[in-house]
Amino acid sequence: MKQMSKGILVTFLAATLLAGCGGNNSGTAGNAAGDDTNSGGAEGSAKSVTLKMFIAQPRFKEQYDKYIAEFVKKEKADKNIEVTVQLEMPTADNASQILKTRLASNDAPDIFALHAVNEIPSYYKAGYLEDLSSQPFAAKLLDSVKPSVTTTDGKIVALPLETLSWGYLYNKKIFTEQGLTPPATLTEMKSVIEKLKAKEITPFVLSYKESWIPQLVLPLAVGAMMKTQDPEFVNKMNKDEGSFTEMKPAIFDIFDLINANGTAKATEVGGDDGAAAFAAGKGAMWLMGPWYAETILKSNPDLDFGVAPLPISDDPAATLINLSASTSLAVSPTSKNKEVALDFLNYVLDDQASNGLFQAMKFNPIATVHTYESYPWITEATTYVKAGKSVQDPAIPQSVKDEVGKGLQAYYAGQVSQDDVLKALDKAWKSYNKVNK
Amino acid sequence: MPVKSYKHIASLLAFVAPALIIYSLFLLIPTIGGMYYSFTDWNGLNANYSFIGLGNFIEALREDPDFVHALLFTLKYVLFMIVLQNVLALMLAVFIETKTRSKGFFRTIFFMPNMISTIISAFMWTFVFSQVLPQLAEKTAMTFLDQLWIGNPKVSFYSIIIVSLWNGVGYMMIIYLAALQGVPQSLKEAAVIDGASPFQSFRKVTLPMITHAVTICLFLTLNGAFKVFEVVYGLTGGGPGRSTQVITMNIYEEAFSNNFRYGYASAKSVILFVIILLFTFIQIGVMKRKEVEA
């Protein structure tokens, strides 16, 4: 009998131990919410607030910590609020899983980072994003980045941190040695390729092992077509009325040209290997954005490369730089410290402090307050943007982008035809519509 | 008597309770939850979702060619693995058993790959397939080595098999070795005296005596091969396209990268679970009947 009661006791202990682990979270949340006693400026009784942040960029921990410390100081000085920040930085791989679980279980962080183009539409629809249109920072955003964080009904719901302007990369040294300039049309591209081949230089580095790389041709082609001939394409697709067959020449003319003049064994070359090959000058061009700059420069610090818009037809107006945003900060509408959270977002685009943060993290300028010098390839892309040769990244659902990557991989390997790829894309978009209706 | 049996059950429960609580908290409840979600159209994010009955299951089996392809590809993989892994492991075990002094050395060598995590061995082999073999072909003029080992879907299936075997054979070999050591020497000697050839004695004496090990090994291979993920993920990523996609990858893709159809992906997992359950039951049932006692 004694032994049995002991056994039960042990069980109870184990159970309470487990329960204790679970209870921890709600304890801190209650703590933050409980401090509602506002002190009308009395020095001794500062209001204290715990702000929970969720930013999936552990590589920038130092920079964020420093910036947050400055924010805490400022908030104390300006409003007499004692802010404690709990910064959570999971790796990018599983961040969106964790974030989704949090949001679905009503445990939303006050401020969280998400992917602008891929995630804003579904998160906004589920009601997890606060409308930030009236915040002071919104007015400071550059016109070229605003659309990527604006919802279909015209509300700004996030602050973009990382923005991209991209087309393809080219090796400037090879281009100047051969007296070439980035081509503006498909025909010019063909003559560039001929000239390179005459000198026994492989025109393109191919790296199709990871399916997101061949996928890159889709946003470029669709974006260019939407700006020149078919502005309603995405809307039509969303209503189940369009078809990718309209995009057939735009996608495959250039894709076939690249494949016919690229390096061998593309299905075994991943992004990093591709970067190494491009850095070693094994090809003059690479269908890739400048986000690989760091990797390229790591394997060849002296490489001089540029960003140029990819021609998709003989219409020079369709040769455009793609503008898009990825990591962006949003505020949860259920946040109990919304005021402080909004203060932080505005502080990210603070007139003085913001330059330092964006420069330290090597992000592109996104607002009028950013006056620092960016990388040469970014400056090059920006000249195209300033000349009006740019287009917003089309709002293609992530599932369609995944599908096109797989489809083009299989197409390259000779397993499927062009029509198979396009049919699969139509189907993927239809099922996206069905799931997200 | 009833009081005593009640006490007996209670003390039994008290002893298993700590393990049972953790087991149900982290495995049983999530599993049942997953089965529940397989009947819904939840997308992993929305707070509300609707119950759609068997819709997910019907869609998976009828309207999803990718899933069916992944299913068939996995079955092919399972078939190859069951045969090759067990035959190779048994051969190695018999070979090592005949050695006397170098037994420990060979056992260690062949078991070693099993100690490396599967995903790491997949990455190692990616390097071998894409860098080492082409170089080797160049240096030694063995041109058949220079091909798209992981980039060509026809060849990459065998690359996947090679890596899986390299990684998995050692473990099965250890089980067979243990079983072989349990075969009484007297039976073998009796067979030799009766004039049995080495092959006959293996076929008629050793093999029946180690059937219990065969049962375990078949069970482990069957179970593991259906759930294969890391090797394929590390080597080909399911590509090019979806030509080497296995079921687990298809499920993963459905839940975490396509339209985030958690409900649908859960339904696919339940299908996989049922398949494994059926195959395992059949296999255990058949093998159990064949086992003999010494």
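The closest side-chain heavy-atom distance from B:Thr126 to A:Lys209 is below 4.5 Å.
Residue B:Phe57 qualifies as enclosed at atom CZ: its count of foreign heavy atoms under 6.0 Å is above 12. For B:Phe273, the CZ atom sits in a loose shell: 12 or fewer heavy atoms of surrounding residues, nucleotides or ligands are nearer than 6.0 Å. Around the CE atom of B:Met35, the shell of radius 6.0 Å holds more than 12 heavy atoms that belong to other residues, nucleotides or ligands.
Put simply, OG on A:Ser211 and CD on B:Glu253 are 8.0 Å apart, with the number rounded to the nearest 0.5 Å.
Among A:Glu268, A:Gln415, A:Lys401, A:Gln409, the residue making the largest number of heavy-atom pairs under 4.5 Å with chain B is A:Glu268.
When heavy atoms are compared at a cutoff of 4.5 Å, B:Leu235 approaches chain A solely by way of its backbone atoms N, CA, C and O. Contacts of B:Ser156 with chain A are absent, with no heavy-atom separation under 4.5 Å from either backbone or side chain. Neither the backbone nor the side chain of A:Glu210 comes within contact range of chain B; no heavy atom of the residue lies under 4.5 Å from a heavy atom of that chain. For chain B, the nearby part of A:Lys427 is the side chain; its heavy atoms alone come within less than 4.5 Å.
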